[in-house]
Structures are given as C-alpha cells and as structure tokens.
Amino acid sequence: MPELPEVETVKNELSPYVIGRRITGVTLLWEGMVRQPFLAEFRSHTIGQKITGISRHGKYLFLSLSSGDLLNIHLKMTGSLIIGQESAEPPSYTRAIIHLDNDTNIFFRDPRKFGIMRLVKDKNSIVGKLGPEPLGADFTPQLLGRLLGKRTAPIKALLCDQNLIAGIGNMYADEALFAAKIHPLRPGNSLSPEEIKRLHSAIRRVLRAGISKKGASTNTYFRPDGTRGTAHDEFKVAHARGKSCPVCGTPIERIAVRHRGTYFCPKCQPAL
DNA sequence: ACCACAACCTGGCCGC
DNA sequence: TGCGGCCAGGTTGTGG
C-alpha cells in the first residue's frame, strides 16, 4: 500500500521523466478516477500544459502545471504510476493515461479503482489540514507529545490519522509500534515521555528504511519503472500473518483496530 | 474537538 | 476443481 515511503519513491523516480514535459493528451478508462466537479474541465485544463514540478505532501502527490494549476494524484491503496512508451500496451488495470510530448506515457494503474486525480488551484484546499511531515525538522519528540496530548484513541489509530501526522499508514504504523515496543491499543495519552521518545525515533527509522528500499511491495505497489520495492523484506510484524516474532519467537497476533488489520507481538508489546 | 463507523472497490487466498 | 467468504486499507462523510 502506498504510504509516505512509497509516494516519496514515486515522486523521486517519476521526476526525471516528467519535469519539463508537456501533456499532449489524457485518456480516462475509468471516469470515476477524476473527481467531480472537475471532470468537464479536466482535459481542457491539463492538455497543453507543461509539467514544471512534482511534490509530495503526506501521501498526496502533486504535478505543478505551467498554468499554475496543480494536478493532484492519490494512489490510495492499489494505485501505481508506471512510465511507458506511447506504443506500449498499457499495464493491466490501467484506469487513466497521461500522454507526454516525448512519446512517453504515465499509466495510472489501479485494480481497485480507489485512486483519484483532481485539478486544484490551491494546494492548501487538499493538504491544509494535514499534520506535520514525520521526517521534517520540526517533528520532534516534544511535538509528538503535544499532538498525542490528551487523545484517548488507540495509538495505532492516531498514528494513521493524517490530520495528526501526515504519511503514516497501516504498515508503517505497525512497524513503528513494534520497534518502539508499544501495544497498538494503548491510549495516546497513556504513553510516558520515554515511550514517546522511543516512538518518535521508531517512526523516523522505519520510514527512512522504507524510502531507502524504494517502498514496500506487499501486493500491488510498483515503482515507476514497473519493478517492486523491497522494504517489505525488512518488515518485522506488518502483514506477518501466522509468523513468529523475530525477536522472541512468540506468534504474531492479529487484531482489528478501527477495522484495520493490526499485527503485533504480544510479548514485546505488552498491554499496560 | 474528539471518537467511531460505513462506504467505496475488486483480486487473491484459504478452507471446504 | 470449484465456490464461498474473508482479507487487504486511505479517505470522505456522517452521527454521536
């Protein structure tokens, strides 16, 4: 699933192919991919525009257009952006094609049709409420402590809340909590200063590892060149159904937190 | 302000 | 071998 490390990888690896290129056409094979009310104007406002930049906020990707508009792409759970030749057969489950002026295409592949594209004038209309970037310089243990404040929801749910911290999803939340030895159901406000410090460090460690391995291809995530990332090879508990804890050998448990599969080691991450 | 949950989608895998 | 059911989960919208 594309989370911060996956979207960061897509941004970095897409960049050399798209910066400075002009959009010559847009093919929508699944119209639901473009959110109303923009569908009517989507083509006319993208075709002919030059791509001047690419950026990421949390899990949101933005292509800056020469008109000043921003083309926002969200991969949701199963989306991939694959670079290919104009003459190439689109990958399976391609829902949209952005044609570029050098006979190159961006294929938006998405088996489950959750991914979206939209055109906005103001980035803040989408990312204005997002929490801080967990790899940013301002994300300190003190800030994490303030964010958790008096929150009583399970720490696992809070880590996945984009308005609290931007970019962490189900996989990296499980990995960070394991690395910090914190039970996923602990209320946010029950963490000691020491645990907050451990969690802060663990969040940054697992996200950086994910980026350095070019993302985790647990199922449908692909890099722009069509290859898979390898971050999942280093996962300790995420998606580890039926496996044992690599530290103590205890069977990994699966529970549902907010209807999300949550994996943890009951011995290394004891309930308080 | 905060918390909880349904809905959106469909392929892959498991057990029978 | 085929089939039913579970599992995967980011975001939005709604209601308490």
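All values reported here derive from a predicted model rather than from experimental measurement. Letters A, B, ... mirror the listed sequences (proteins, then strands); counts begin at 1.
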S.K.: Which part of the nucleic acid, if any, lies within reach of A:K59 when heavy atoms closer than 4.0 Å are counted: base, sugar-phosphate only, or nothing?
M.R.: sugar-phosphate
S.K.: Between atom OH in A:Y93 and atom P in B:dT10, what is the gap in whole Å?
M.R.: 10 Å
S.K.: Looking only at side-chain atoms of A:T152, point me to the closest of C:dT12, B:dC3, C:dA8.
M.R.: B:dC3
S.K.: Using a 4.0 Å heavy-atom cut-off across all strands, classify A:Y221 as base, sugar-phosphate, or nothing.
M.R.: nothing
S.K.: Does any donor-acceptor pair link the side chain of A:R260 with the base of C:dT11 at a separation under 3.5 Å?
M.R.: yes
S.K.: By the 4.0 Å heavy-atom rule, please label A:Y172 as base, sugar-phosphate, or nothing.
M.R.: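 No contact.
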S.K.: Are the ring centres of A:F107 and A:F222 closer than 6.0 Å?
M.R.: no
S.K.: Let's see if you can work this out: which of B:dC5, C:dG10, B:dT10 has an atom nearest to the side-chain heavy atoms of A:K113?
M.R.: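 Given the options B:dC5, C:dG10, B:dT10, the side chain of A:K113 is closest to B:dT10.
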S.K.: Would you kindly give the NE2-to-P distance between A:H57 and C:dG10, to the nearest whole Å?
M.R.: 20 Å
S.K.: Between A:R258 and B:dC2, is there a contact of a side-chain N or O with OP1 or OP2 at under 4.0 Å?
M.R.: no
S.K.: Grab the CZ-P distance between A:R112 and B:dT10 for me, whole Å please.
M.R.: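 The answer, rounded to whole Å, is 9 Å.
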S.K.: What's the NZ-P distance between A:K129 and B:dC2, to the nearest Å?
M.R.: 13 Å
S.K.: Side-chain contact, heavy-atom cut-off 4.5 Å: A:K59 with A:E6?
M.R.: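 Sidechains of A:E6 and A:K59: no contact.
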S.K.: Tell me whether A:L148 is reachable from A:L185 by hopping between hydrophobic residues (I, L, V, M, F, W, Y) whose side-chain heavy atoms are closer than 4.5 Å.
M.R.: no
S.K.: Return the value, rounded to whole Å, for the distance between atom CE of A:M171 and atom C1' of C:dG10.
M.R.: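 Spelled out: CE on A:M171 to C1' on C:dG10 is 12 Å.
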S.K.: Identify whether the distance between the nearest side-chain nitrogen and carboxylate oxygen of A:R186 and A:E195 falls below 4.0 Å.
M.R.: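 Counted as a salt bridge, because a side-chain N and a carboxylate O are separated by less than 4.0 Å.
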S.K.: Distance-only, no hydrogens or angles: does the A:D174 side chain make a donor-acceptor pair with backbone N or O of A:Y263 under 3.5 Å?
M.R.: yes
S.K.: Taking CG from A:D161 and P from B:dA1, how many angstroms apart are they, rounded to a whole number?
M.R.: 13 Å
S.K.: Answer with base, sugar-phosphate or nothing: what part of the nucleic acid does A:T78 contact at a heavy-atom distance below 4.0 Å?
M.R.: nothing
S.K.: In whole angstrom, give the distance that lies between atom CZ of A:R241 and atom P of B:dG12.
M.R.: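 After rounding, the reported distance stands at 15 Å.
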S.K.: Check whether any side-chain nitrogen or oxygen of A:H74 sits under 4.0 Å from OP1 or OP2 of C:dT11, and answer yes or no.
M.R.: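 Checking A:H74 against C:dT11: at least one side-chain N or O falls below 4.0 Å of OP1 or OP2.
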S.K.: For A:F114 and for A:I126, find the nucleotide of DNA chain C with the closest heavy atom, then tell me which residue's nucleotide is more 5'.
M.R.: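 Nearer the 5' end of the strand: A:F114.
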S.K.: Report yes or no: does A:T94 contribute a side-chain atom to a donor-acceptor pair with the main-chain N or O of A:A96 at less than 3.5 Å?
M.R.: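 Such a contact is absent between A:T94 side chain and A:A96 backbone.
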S.K.: For B:dC3, does OP1 or OP2 lie under 4.0 Å from any side-chain N or O of A:R151?
M.R.: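 For B:dC3, OP1 or OP2 has a side-chain N or O of A:R151 closer than 4.0 Å.
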S.K.: How close or far is atom P of C:dG13 from atom CG of A:N163, stated in whole angstroms?
M.R.: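 Nearest whole value for this atom pair: 12 Å.
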S.K.: When you match A:H259 and A:A153 each to their closest nucleotide on DNA chain B, which lands nearer the 5' end?
M.R.: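 This one resolves to A:A153.
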S.K.: With respect to the side chain of A:M1, which nucleotide from B:dC3, B:dC9, C:dG10 is positioned closest?
M.R.: C:dG10
S.K.: Check whether any side-chain N or O of A:R254 sits under 4.0 Å from OP1 or OP2 of C:dA8, and answer yes or no.
M.R.: yes
S.K.: C:dT11, OP1 or OP2 - any side-chain N/O from A:Q162 closer than 4.0 Å?
M.R.: yes
